[in-house]
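Here is the structure we will look at.
Letters A, B, ... mirror the listed sequences (proteins, then strands); counts begin at 1. Note: hydrogens, waters and symmetry copies are ignored here, and every other heavy atom, side chains too, is used.
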Protein chains: 2
Amino acid sequence: MRSRRVDYTESTRHALVESALELFTKRGYAGTSLDAIVKRARVTKGALYHHFSGKQALFEAAFDLVETTAMDRLTSIMDGDGTAWERAMAGIQAYVRVCLEPSYQRIVIHEAPVVMGWERWREAEEHRSYGLVRAAVEALVAAEEIEPLPVEVTARILFGALHAGAETIASATDPKATAADVSRTVVAVMNGMRRGG
Amino acid sequence: MRSRRVDYTESTRHALVESALELFTKRGYAGTSLDAIVKRARVTKGALYHHFSGKQALFEAAFDLVETTAMDRLTSIMDGDGTAWERAMAGIQAYVRVCLEPSYQRIVIHEAPVVMGWERWREAEEHRSYGLVRAAVEALVAAEEIEPLPVEVTARILFGALHAGAETIASATDPKATAADVSRTVVAVMNGMRRGG
DNA sequence: ATGTTGGACATACCGATGGTATGTCGAAGA
DNA sequence: TCTTCGACATACCATCGGTATGTCCAACAT
C-alpha cells in the first residue's frame, strides 16, 4: 500500500520544504506566495495541500528544518569536553555563527514569533536553540561558575542579547570587526556574572 | 485653501491611526484587514488611501505614534538628576515598563522588523528608543562608570536583552515576581560591566 | 483477469483582501 | 457664477490562500 518504485512522496515533500525555506528566507512569509513555492518545487498546489494543512504548516516545517540543522551543529560543539565555562564560551561562539545565517535569522528569529505567535514560538524554542542556551546557563549555575541568578530569566536575556549581537554583526559594514566586538562584549557580560570576578 | 469649519482632515487621519493601532495590537498586521480598520474609524477606504499610500504607511504611522509616546515618557524620566549610573538604572526600569505595554511589544518589537524590514526598523529606532539606550550607554562610558566597551554593540546587546526580559515578564504566570527577576538580572549584567566591580 | 479502494497528486474554482480608478460634494478663489 | 481642488465615497480589479473535484495508478480482494 505504500510507495511505487521509489518514494516520490518523500521527495515531493522535501522539495516543497526546501522551496519554502529558500523563498521565506529571501522574501519573507507574507512576501512569498504559494504559487511561487509550488512553481519552484515543480509541483502544484494540490501536492502542497496534500502534504501540509496550509501555508502556516509549511512554514513550521521549514522552521523545524532550520532549527534541527542548527541544533545538530550546536550540540556536537557543546557536548565536547572542558569545563562548563569553556563549553559555554564555545557554545556562544557557535550560536552567534548560527544566528548569522540568513535562514535562521529571518525564519527563526524574526518571522516565526509573528507567524506562529510568540507563545507557540516560545514552546517550540523550549526544546530547540533556547533549550541549549538554558542548559548552558543551568550548567554554569550548577558548577557555581556564575552567580546564582534565576536561570529562566538569565537564559532569556542572554538569548535576546545573542540575537541582537548577531543582527548587529550581520548588518555591519565591517562584520569581522563587529563580530570581535560582540564577542568581547558578551564575554564581558558573562564575566560580570562570574563568581568572585 | 485649508480646512472648512474645523479640521476634519486631522481628525480623520487621527481616527485611522488610532483604529489601526488598536487593531494591529490585537490581531497583528497580517490579521487586520483595511476594511476592519476603516470600519472602526467610521470612514472608507477612499479616506485611507487619501491620507496614506497604503497599509504599510498606515502601520508606520501607528508605529510612530507608539514610539513617540514611549519616547516622551522615557526622556522625561531619564532627564532627571542624579549620576549617570542612577539615571541609567531609572531608564532601564522605565524602558522595561514601556516594553510591557501590548502596543509597544507587538507593534514596535515584534511586527515592525518584519513589516518594515529590519534595516528600516533599525533606522527608525536609531532616533527613538534605541537612541535613548545608546545615549545612556555613552553617558556611562563617558562617566567612566563602566568598562570602555564598544558603545554601539553594547547598546544593541542591552537593547535585545531588555526586549527579551520584557517578553519574559509579559508571558510569565507571575509577572510581578518575574519582573523582579529581570530587574535583578539586568542590574547584575550592568554591574558586571561596572568599573572596579 | 477484473473490479475496487485509496493515496498522491493536478485542475478549476471561490472568497477575501490590498490596491486603483472614478465619482461626488462643498468650500475657496477668479 | 464658474472653475478648481481637496477630502472623501463607491465601484471595481488582481492576487492569493484555501477548497472542491477530477485523474491516475499501484495494491489488494475476488
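Comparing C:dA10, C:dG18, D:dT19 by their closest approach to the side chain of A:Val43 singles out C:dA10. Picking from C:dG18, C:dC9, D:dG18 the nucleotide with the shortest atom distance to the side chain of A:Lys55 gives D:dG18. For B:Ser33, the listed nucleotide lying nearest its side chain is C:dT17; candidates were C:dC9, D:dT19, C:dT17. The side chain of A:Ala47 lies closest to C:dC9, out of C:dG19, D:dG18, C:dC9.
Residue contacts shown for A:Ser53 are absent, as no nucleic acid heavy atom lies under 4.0 Å away. Counting any heavy atom pair closer than 4.0 Å across all strands shown, B:Thr32 reaches sugar-phosphate atoms only and no base atom.
Of the side-chain N and O atoms in B:His51, none sit less than 4.0 angstrom from OP1 or OP2 of D:dA7. Phosphate proximity of D:dA7 to B:Thr9: present, with a side-chain N or O under 4.0 Å from OP1 or OP2. At the phosphate of D:dC8, OP1 or OP2 sits under 4.0 Å from a side-chain N or O atom of B:Thr12.
Nucleotide D:dA7 holds its P atom 15 Å from the CG atom of B:Leu48, rounded to whole Å. Straight-line distance from the CG atom of A:Leu16 to the P atom of C:dA10: 9 Å, rounded to whole Å. In this structure, the CG atom of A:Leu34 is 8 Å from the C1' atom of D:dG18, given to the nearest Å. D:dA11 atom C1' lies 15 Å from atom OH of B:Tyr49, rounded to whole Å. Atom-to-atom, CG of B:Asp35 to P of C:dG15 comes out at 16 Å; the value is rounded to the nearest Å. Distance B:Lys45 NZ to C:dT20 C1': 9 Å, rounded to the nearest Å. With rounding to whole Å, B:His50 atom NE2 is found 10 Å from D:dC5 atom C1'. Residue A:Gln56 contributes atom CD, which lies 12 Å from atom P of D:dG17 at whole-angstrom precision.
For the atom pair B:Tyr49 OH and B:Thr44 OG1, the distance stands at 12.0 Å (nearest 0.5 Å).
Below 30°, between 30° and 60°, or above 60°: for B:Trp118 and B:Trp121 the angle between ring planes is between 30° and 60°, a tilted geometry.
Side-chain contact between A:Glu145 and A:Met190: absent, with no pair of heavy atoms (C-beta onward) separated by less than 4.5 Å.
A cation-pi arrangement is absent between B:Arg134 and B:Phe159, since the terminal nitrogen or guanidinium carbon is not both under 6.0 Å from the aromatic centre and inside a 45° cone about the axis. Under a cutoff of 6.0 Å and an axis angle of 45°, B:Arg106 and B:Phe24 do not form a cation-pi pair.
Heavy-atom nearest nucleotides on DNA chain D were determined for A:Tyr29 and for A:Gly46, and the one closer to the 5' end corresponds to A:Tyr29.
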